[in-house]
There are 2 protein chains.
Amino acid sequence: MPPAQRHPTMADVAERAGVSASTVSRTLRGMSTVSPEVRVRVEQAARELNFAISRQASSLVTGKTGVVAVLAPTLNSWFIGSALSSLGPVLRAAGMELLVYVTPDMTERAAFFERLPARRNADALMVFSFNLTDEETARLDDLQMPVIYVSQRAECRPSVYVDDVAGALSGTRHLLNLGHRRIGFVQTIGASGFTFSSHERLLGYQQALTEAGIPLDDDLVVATPVGHKHRTAEAIGRLLSLREPPTAIFAEQDEVAVSVLWTLRRARIDVPERISVLGFDDHQMAEWSDLTTIAQSPDELGRAAGELARALINDPEADRARHIVLPTRLIPRATTAPPPAAAPDPARTEEKLR
Amino acid sequence: MPPAQRHPTMADVAERAGVSASTVSRTLRGMSTVSPEVRVRVEQAARELNFAISRQASSLVTGKTGVVAVLAPTLNSWFIGSALSSLGPVLRAAGMELLVYVTPDMTERAAFFERLPARRNADALMVFSFNLTDEETARLDDLQMPVIYVSQRAECRPSVYVDDVAGALSGTRHLLNLGHRRIGFVQTIGASGFTFSSHERLLGYQQALTEAGIPLDDDLVVATPVGHKHRTAEAIGRLLSLREPPTAIFAEQDEVAVSVLWTLRRARIDVPERISVLGFDDHQMAEWSDLTTIAQSPDELGRAAGELARALINDPEADRARHIVLPTRLIPRATTAPPPAAAPDPARTEEKLR
DNA sequence: ATGAAAGCGCTAACAG
DNA sequence: CTGTTAGCGCTTTCAT
């Protein structure tokens, strides 16, 4: 009988089942070379002793830790939270655990990259939404384990991300199809780690305009940090005070789009009658606000990243530069509509005057 | 020289520094019994080889894993996300890592409790916002490691939570002080794992009313799931159609309070002129919406939980039933004001008639 | 199909 | 102050 205050070991289980430790190990790992009767005895003994295997010990010999590490700037983010919530079960199904390194500030981040603690303690590293410096990327390349870039495109390295260009393109097309010709774009600044998506979305917007033969107008692109009412109001003010103000505003992120809605509402500008508003993400708040938006699925992203990690860990021959690109889809709701008929459209006015 | 495709071990470092493995071990753990010159040599050798210690190996002998496990129903939650984001750095400062078990559904949860994988793979377990069954709690009691209950009160077990009763009490008092006498309360239903707080907040509300000599009225308490516009509108409708409708509405959660704001706005009921709205949490959205609310700090909670974990792990003599209760504070913003003077207050009307 | 033995990388006694 | 030695709990040859 094992000492009371200690976890039972395989030796304890072996003794109780009347077999050797090797057999216990084989049984518990589901190897086929164990006779059915012995298997039953071992399993029962393990259950009775409430045995749990020590990963530390087994990884010492197998060289696999059974752990996937995640590096994320914060967990307090709709996007990362959702992705990790669906990553968890995927890993569990593969018998792996989830180790999280949060680096809310530069100090923490520097500490991570200096010590690279994941090195010996995980089989793969997943990097979430980061703007890595070249030096940091180089450090990760030396890591001797698969590094998966999530929500960012990393050349020649495995990565999983959403097709932001296509998303913004289809969103802008939706506005164009409704008849809008002056479309404002609100960029987000200072969102730690999301500049990659930010840039791509602007690109999609511009591409759609070009496609429609509408010249780009820098005055239509403004920026605001997320969650700063005043700054957002200011940015919208710049748009509204243009000689030809936009009839639609495309915010790069739902959280900002909702701020825009508040600003317009306060200014008594009806949405969508006077101005249409379009978001990106399909954040919970989008549904609550009845905001038309371009949906991406962080859940799917988490799952895909998990599968990719599993594949790369188990199969060293796997494609080490595989990119998984996830689609977006437009969700039309109540904040987009055709532009007002009486819109002050100088082009049209001129035509009438002629 | 160590093989190229393998991590260097202490033996490799020892050889390079011309000392024994024990000395390397002592040096790297910062023990004082190492001569300065040797320390320098060892540290340099370790750096040159890019050595990282294997936790698996050291925990095998020390019996400590250097890991704190967290059990959480989801990571996609403002509250849990914030708490974990600040827990991470606390643990890192103590040289520990953060292992996360997410159990988004009952299947995952059952799987966790059946295998209790944390058992051998962590030094402490932190349970976030869960409604555990007695059986589940009993399983955790058997775990042979400190289990810290976060955001819930667990009798005779270490736990960390916010003083919800006091918070709701002070919030309700604020409304009473403004002159409100009919105060509606909106409960949240179906929020996985938060029924503890939910109950406590109702209690605080009731306590404040009783204190003020106002009889409780069940009609003033309605419930809605979070994020269901229609259900929320319905609940508010029940309040508005009372014979004596409330002049203030206290929503147990900011996310619901914001929904309430939307509902009232759509109904063209001015806030706070006609009806005051009060939330609880100080969610980001509260600031954006200029919502008066009772703030709690999940960051502090995460930090406190981390400190408690460290204390319990390092000191077996520590108080194993210690409760840390965190304060809340009222943040007055733009959604609360005195009730309308012309409010249909039958009591006052009667007085006038007399 | 099963057991014996060696060893994964590290730490902790114990000598010196 | 430093080296030697003996495991920690498991997996993996290699026998049988």
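Chain naming here is simple, since letters A, B, ... match the order of the sequence lines and numbering starts at 1 in each.
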Salt bridge (Lys or Arg N to Asp or Glu O under 4.0 Å) between A:R41 and A:E37: does it pass, once the steps are laid out? CA-CA 6 Å; A:R41 283 216 317 275; A:E37 34 183 345; 5.4 Å; no

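For A:S82 and B:N76, the side-chain atoms include at least one donor-acceptor pair closer than 3.5 Å. Checked by atom type, the side-chain pair A:R29/A:S25 shows a donor-acceptor distance below 3.5 Å.
Between the C1' atom of D:dG9 and the CG atom of A:L28 lies a distance of 13 Å, rounded to the nearest Å. For A:H7 and D:dC10, the NE2 to P distance is 11 Å, given to the nearest whole Å. Taking atom CE on B:M10 and atom C1' on D:dG3, their separation rounds to 15 Å, with Å as the unit. As rounded to whole Å, 9 Å separates atom C1' of D:dG9 from atom CD1 of A:I53. Atom CZ of A:R55 is separated from atom P of D:dT11 by 11 Å (rounded to the nearest Å). Rounded to a whole Å, the CD atom of A:Q56 is 12 Å from the P atom of D:dT11. Here the P atom of nucleotide C:dG3 and the CD atom of A:E15 are 13 Å apart, to the nearest Å. Rounded to whole Å, atom P of D:dC10 lies 17 Å from atom CE of A:M31.
At C:dA12, one or more side-chain N or O atoms of B:R29 fall inside 4.0 Å of OP1 or OP2 (strictly under the cut-off). For D:dG9, the OP1/OP2 oxygens have no side-chain nitrogen or oxygen of A:S54 closer than 4.0 Å. Proximity of A:T23 to the phosphate of C:dG3: a side-chain N or O atom is located under 4.0 Å from OP1 or OP2. The phosphate of D:dT12 (OP1 or OP2) has no side-chain N or O of A:S25 nearer than 4.0 angstrom. Regarding contacts with the backbone of D:dC8, every side-chain N or O of A:T9 stays at 4.0 angstrom or more from both OP1 and OP2.
Side-chain proximity of A:V34 to C:dC10, C:dT2, D:dT11: nearest is C:dT2. For A:R26, whose side chain is taken as the heavy atoms from C-beta onward, the closest listed nucleotide among C:dG3, C:dC10, D:dG9 is C:dG3. Of the candidate nucleotides D:dG3, D:dT2, C:dT2, C:dT2 has the atom lying nearest to any side-chain atom of A:S35. Checking C:dA12, D:dT4, C:dC8 against every side-chain atom of A:L60, the shortest atom distance belongs to C:dC8. For A:V19, taking side-chain heavy atoms from C-beta onward, the closest of the listed nucleotides D:dG7, D:dC10, C:dG3 is C:dG3.
A distance of 4.0 Å separates CZ in A:R92 from CD in B:E108, rounded to the nearest 0.5 Å.
Map A:A21 and B:A21 each onto its nearest nucleotide of DNA chain D; the residue landing nearer the 5' end is B:A21. Each of B:G18 and B:A57 was assigned the nucleotide of DNA chain D with the nearest heavy atom; the assignment lying further toward the 5' end belongs to B:G18.
Open room surrounds CG on A:D134; 12 or fewer heavy atoms of other groups in view lie less than 6.0 Å from it. Within 6.0 Å of CZ in A:R320 there are more than 12 heavy atoms belonging to other residues, nucleotides or ligands.
Residue contacts for A:R120: at a heavy-atom cut-off of 4.0 Å it reaches the sugar-phosphate backbone alone, with no base atom in range. Using a 4.0 Å heavy-atom cutoff across all strands shown, B:T33 reaches at least one base atom of the nucleic acid. Among the heavy atoms of the strands lying under 4.0 Å from B:S22 is at least one base atom, whether or not backbone atoms are also near.
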